[in-house]
Structure formats: structure tokens, C-alpha cells
J.: 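Quick one: the structure is below, and I'll ask about it shortly.
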Amino acid sequence: MALRRKTSALLAVGLVSGMASPVAPLAVAQELTTQSTSVTHTCELVKPWGLLGAKNQGTIVSPETVVVRYPAEVAPGEVFTAYVQPGAAAMRTTDGRQAGLLSYDIAFPSNSTNLAASYNGGGSGYSIPGNGPALVDRVAANGQITTEGPFARISGGATAYHGANSRTGDAVDRWKAGMQVGANTDFRFPEVALKMRAPVSLASGSTITTALKAAGQSGSSTDPTRNTIQGAEQGGWGTERTNYYFCGSSANAGSLSTTTVNSSLPRYLAKTTTRMVTTETLLPLTARTTDLTAEVSSTEDLMSNIRPGGMNFTIRHKATGQVLATVPNVTVGSNGQATTSYTFPALTAGSFRDEYEVLATYAGRVDDIESSTSEPVTVSVGYNEVSANVVLTSTNGALVGGTMPVTLRAAFALPSGKSAPAGLAIQLFRNDLPHGAPIAIPPGTTSADYTFPTDTLTQTEETRTYRYRAEIVPVISGVDRFVGGSATPVAAIVVGSNPGSPLPEGGQGSVDLEGFFRAPQLVWDWLTGSIGQAGRFSLGFADN
């Protein structure tokens, strides 16, 4: 049976007493204090293939002086940052071995609301494949990455695993990954920014303390909760195999900084913003049951503390103002969103579509986080609107004997997958009044062209403008309501028989074309009338 060799090594470092000194104040008026703490590490070195003679001088890392910058005092509820940087170290080797897969774990305070851990630069002496910066992940006690883990891990993206033995994971040159350091090379891990919030419930004088993971523990290859540092070294026969080491930290690493909560300072209530994110605001009768979603957010990175607050939804009839329902205390997820299912009422008698107003209120937490209410959104429930595309064009004859014929055609088309139901028709309007009888559209039609009976316009003494549009006569079929109309009217103008009669907008006489084309209203008719719809511009003059 394959064996593994373990050697315990205690690496002492220079005794550096804790000291405090003020640094420049933060933008939020927090003055930072700096504290340096000497830390030692007890490590377990694991060699592959049961080789004898594990060496205490193997590549075992010992950060010497951990430096923390932190505010000495905060108010209840205040958001603040502590900056932690491991001390300078050197590879403890006498035979030219190199190291890789380095990682280092820092503990968030156990009594704060822990918000974020981020890379803050300042490291030196190491390399990472691709020359990227060191990574800072949130991890659980077993080292697994998790969004809200209580520990911050510095690494190069790949780390030594736990439980290394003589035949698992000791492949040739496996140490050449993640964060790497050359033999006998001085190096330093980068600084990590730990962003957190002082709970409002802490009594005055309570302290918030940063620490290293596994403070007071000796390292273990089988118990990841006991390790502050993990790594691997070039080892075995020359470079054939990889050795692993796991290091805990001395007990004094359990108190690297102390921030005091001062309840005499004004309690800070976190601010939030709530918005409705529901996009399905036009509902058919067959889908009156739908999900309503709202989102709460904060610029203060408080999601882990926000979630217990809960979301309340209010549904109100928009026309009457009547509150139909209140859905309370809907759970807020890790993304800040809360979703509830709601069934809107059936249509009001005689209505094609009813409108409702929906808003959400994040409840907040008493003496902790302020509530916030969204702007309302309108949810419309009713028949599916099937909108036909209608394009109206015109062809106009000459003004002869006091009359001018106008022929109007409508190109009709339904959306893909829809066909005309029984009873569908298209109606022509002249000057916003129905003109003539509607033309029936045969059932099953998807697209067609229809010509309306010629409209004969009679010349009068004054110049007149006629505008035409075409609309579908609405029909309900099943859950669909068929509608639609021409987007732009066409215009026909008959110049008055009286030479002195004004043209629209001030032009004089039937031959005063210069004034006619200067008239703003007629220019509108020309741009958006029959020319714009591929018809002819309808201008009739007296037959002299």
C-alpha cells in the first residue's frame, strides 16, 4: 500500500511587537490605524510515493509580519473597509526548489455583515500564468469558492488540494500553476480589502476583529479548516513529482485589528432603491396568471443583509383606484429580486382590455435598512391585439366640369400565422367620417388589395382639402381582437372655382402656385399625403 510521509515543522519569525499609527483619513472621514503582527506557521509537508527523509527546509512559506489598516471606531450600521496584507517572506529551501499553487486565507470578522473581498495590489516577487493579478475569492472553511464565504483567499486561480497522498495529484511539475515563486526568492502576497458593515445591534464598545483563517491551528493535509496557507513545491526525484504543504497560523493571528462600535455616533440606516422589472405588461386572457418581479438594490453592497427584509406587491385597478390585492413578504433572492405569481381578474363586462397598476415596496429592517417603493407599472389584460398592416394609396383624375375623381386602394396584410376571421371588414374614412360601406374581407385571407368605389369630389368656390384613411372594423375571434389601420392619411385638394378665393394657408387664386407651395399646411399634405403613400398628390384646378 502506498504511504505518505508527514513532517511537522515550526518556522519562527522575528518578534515584531504590535504597533499602531494613524494614516491619511478616508473620503468618508474614517481615519485608518495601522497594526503589524508577527505570525508563525506550523506546516505539514507531504511527499509522494512514501519517500523518506522529508526536509524541514523544504519550500514552506512563512509570512512574517501581517499588516492591517483599519478604522479604530465606527458608528452602528456604518460600512467600512479593513486592508490586510501578509508579510514579506522567503522560500525556505537549500536545494533550489521552486513553489507554486500558493494560496492564503484571511478571515472576515464573525460579528460583522461581510460585503466584499477584493484585490488591492502591493504584492511582489511572485508570478501568475498570463501575468494577471492575484485573485481574491470568497471561500468556505473547506476552501471551496462560495459567494458569501466567511474567508477571503488570495491565489493565482489554481491551488493545492487537500488530502494529497502518494498516488493522487502528485504528477510531474503539477506545482507549475497558480501563484508561483522561485527558489530562495523574497516575495509578498498582495493586500486584500475586506469591506464590511458594523451591525446596528452591537452594543456600544463591541469590537470587530479581523484574523487569519486557522489561527491557533497547525496545518493539515486532510483537514482544510486548519490551514491558512496551501502550496506545492518542485519535489520527488529531481522534478519528477510534486510535494505539498499545508500551514496553520499562530494564535495571535486571531486578532490582527480591532474596530470599536461607538453607539454615541448617529446610527446609519442603509439606503435602498426598488424598481419593478416585470416586462410582461400586455397579457392575453389565456395568460392572466403571471409572475410579477421587483428588484431592490443598494450602492452600499448590502445584499446579504437586505434579503431578510422581504418585498410587498400591491395590485390596483387603474380606472377605479381599487386595491385588488396585496402580496406581502415575498422572499428577496441573492440577486436582489423577488417574484410572486398573481392571477388578474377576468375582463370587465363590455371591456376589451382592463388596466392595472402594480408597485412593489421593499419592507426594510427596523433601525437597520430603510424601505423603498418602486414606480408603478401598468399591466394590461385582455384580448390579444392582432394588428393588420394597412397601406392606403390614391390615384386622382383631372378636375373637369367641376368634379374630380379620386380612386383609393388599400393593401391589407395580417401578421404571419394569422388569417382573417368571419366578419372582418375594412372601412374608408373621409375627413374622419365613415365614407361608403365597409368592404368585407373573406375568412382565411392573409393579405389582399382592395379598391374602394371612386369618390367624386365637387368643386366649390373655396379651395378644399380632403383627407382619407382606412381602418379595420374590429372583430373578436376567440382570444384575438383584430384591429389595424393606415398609419398616414392621403390628401386630395380641390382648388376653388373663385379665382379670388384663398388657397389653404393664404395662397390666392387657382393659379397662384408660388403661394400655394409656400403654405405650411399644404406642404404637410404633400409630404404625408398621397405622395408619401405612393399615390399621386391630389391637386385639382378649375377647367378654364
Side-chain angles (χ1 to χ4, degrees), residues 28 74-81 108-109 111-118 138 146-150 194-202 208 261 263 265-283 288-318 320-345 355-381:
V28 292
V74 294
E78 186 173 356
V79 174
F80 67 98
T81 301
F108 271 102
N111 58 347
S112 64
T113 300
N114 303 320
L115 305 177
S118 58
R138 297 281 291 272
T146 178
T147 305
E148 297 178 4
L194 301 179
K195 189 175 184 180
M196 63 198 89
R197 186 185 188 218
V200 294
S201 59
L202 285 182
I208 299 174
V261 179
S263 62
L265 297 174
R267 176 180 293 166
Y268 180 77
L269 299 184
K271 308 298 186 293
T272 63
T273 300
T274 297
R275 68 184 184 97
M276 289 291 302
V277 296
T278 295
T279 57
E280 295 297 326
T281 57
L282 192 65
L283 304 179
R288 291 183 292 119
T289 300
T290 189
D291 285 342
L292 302 174
T293 300
E295 180 180 83
V296 58
S297 61
S298 171
T299 58
E300 296 156 324
D301 297 326
L302 298 169
M303 290 317 303
S304 61
N305 206 25
I306 279 175
R307 288 205 305 274
M311 189 77 72
N312 303 322
F313 291 86
T314 301
I315 299 94
R316 187 189 315 271
H317 193 285
K318 194 169 183 179
T320 66
Q322 178 187 3
V323 174
L324 302 180
T326 299
V327 185
N329 201 32
V330 179
T331 301
V332 177
S334 59
N335 61 354
Q337 294 189 353
T339 299
T340 187
S341 178
Y342 180 74
T343 301
F344 287 91
E355 291 188 335
Y356 303 90
E357 196 174 73
V358 181
L359 58 82
T361 298
Y362 167 67
R365 296 171 59 136
V366 176
D367 293 331
D368 187 355
I369 302 175
E370 290 187 350
S371 64
S372 56
T373 299
S374 71
E375 291 294 325
V377 298
T378 296
V379 177
S380 178
V381 180

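It should be emphasised that the depicted structure is a prediction, and the values quoted were computed from it without experimental measurement. Just so you know, these numbers use all the heavy atoms, side chains as well, and skip hydrogens, waters and symmetry mates.
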J.: Evaluate F108 against K195 for side-chain contact (heavy atoms from CB on, under 4.5 Å), listing each step before the verdict.
T.: CA-CA 9 Å; F108 271 102; K195 189 175 184 180; over 6 Å; no

J.: If you round to the nearest 0.5 Å, how far is CD of E357 from NE2 of H317?
T.: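 Atom-to-atom, H317:NE2 and E357:CD are 11.5 Å apart.
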
J.: For the atom pair CG (L115) and CG (L194), what is the distance rounded to the nearest 0.5 Å?
T.: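 Answer rounded to 0.5 Å: 10.5 Å.
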
J.: Could you check whether any side-chain heavy atom of S112 comes within less than 4.5 Å of a side-chain heavy atom of R197, counting everything from C-beta outward?
T.: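 Counting from C-beta outward, S112 and R197 never come under 4.5 Å.
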
J.: For the residue pair S371 and A363, what are the closest heavy atoms and their distance?
T.: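 Looking at all heavy atoms of both residues, the closest pair is CB-O, 3.5 Å.
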
J.: Tell me, please, which residues at least two apart from F344 pass ring pair (Phe, Tyr, Trp, His ring centres under 6.0 Å).
T.: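 Expected list: Y342, Y356.
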
J.: Tabulate below the donor-acceptor pairs under 3.5 Å that side-chain atoms of residues 323-331 make, not counting sequence neighbours, or state none.
T.:
none

J.: List the atom of A75, the atom of A198, and the distance in Å for their closest heavy-atom pair.
T.: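 Smallest interatomic distance, heavy atoms only, reads O-CB, 3.8 Å.
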
J.: Is the shortest heavy-atom distance from the side chain of V379 to the side chain of L283 under 4.5 Å?
T.: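 Result yes, sub-4.5 Å side-chain heavy-atom pair found.
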
J.: Between T274 and T361, is any pair of side-chain heavy atoms under 4.5 Å apart?
T.: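 The answer is no, as the side chains (C-beta and beyond) never meet within the 4.5 Å cut-off.
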
J.: With rounding to the nearest 0.5 Å, note down the distance linking OH in Y362 to OG in S297.
T.: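 Here the rounded value is 11.0 Å.
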
J.: Considering non-hydrogen atoms only, spot the tightest contact between A294 and A360 and give its length.
T.: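 Shortest heavy-atom separation between A294 and A360 comes out as CB-CB, 3.4 Å.
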
J.: Could R275 and E295 be called an ion pair, given the rule that one side-chain N must be under 4.0 Å from one carboxylate O?
T.: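 Answer for the salt bridge query: yes.
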
J.: Any sub-3.5 Å donor-acceptor pair from T272's side-chain atoms to E370's backbone N or O?
T.: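 Such a contact is found between T272 side chain and E370 backbone.
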
J.: Rounded at 0.5 Å granularity, tell me how far CE in M276 sits from CG in L292.
T.: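 If we round to the nearest 0.5 Å, M276:CE and L292:CG are 5.5 Å apart.
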
J.: Please tell me if the side chains of E148 and R138 come closer than 4.5 Å, counting only heavy atoms from C-beta onward.
T.: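 Heavy-atom side-chain distance check passes, below 4.5 Å.
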
J.: Would you say the side chain of T81 lies within less than 4.5 Å of the side chain of M196, judging by non-hydrogen atoms?
T.: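 No; the side chains remain at least 4.5 Å from each other.
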
J.: Any side-chain heavy-atom pair from L359 and T373 closer than 4.5 angstrom?
T.: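 Yes; the side chains approach each other to less than 4.5 Å.
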
J.: Among side-chain atoms of S372 and T273, is any donor-acceptor pair under 3.5 angstrom?
T.: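 No.
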
J.: Step by step, would you call D291 with T293 a side-chain hydrogen bond (donor to acceptor under 3.5 Å, both in side chains)?
T.: CA-CA 6 Å; D291 285 342; T293 300; over 6 Å; no

J.: T281: which residues meet the side-chain hydrogen bond (donor to acceptor under 3.5 Å, both in side chains) condition with it, sequence neighbours left out?
T.: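 Scan of T281 (side-chain hydrogen bond (donor to acceptor under 3.5 Å, both in side chains), adjacent residues dropped) gives none.
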
J.: K318 and T378: side-chain hydrogen bond (donor to acceptor under 3.5 Å, both in side chains), yes or no, with the steps?
T.: CA-CA 8 Å; K318 194 169 183 179; T378 296; 2.9 Å; yes

J.: Evaluate the side-chain proximity of V296 to V332: yes if any heavy-atom separation is below 4.5 Å, no if none is.
T.: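 With C-beta onward as the side chain, the pair touches.
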
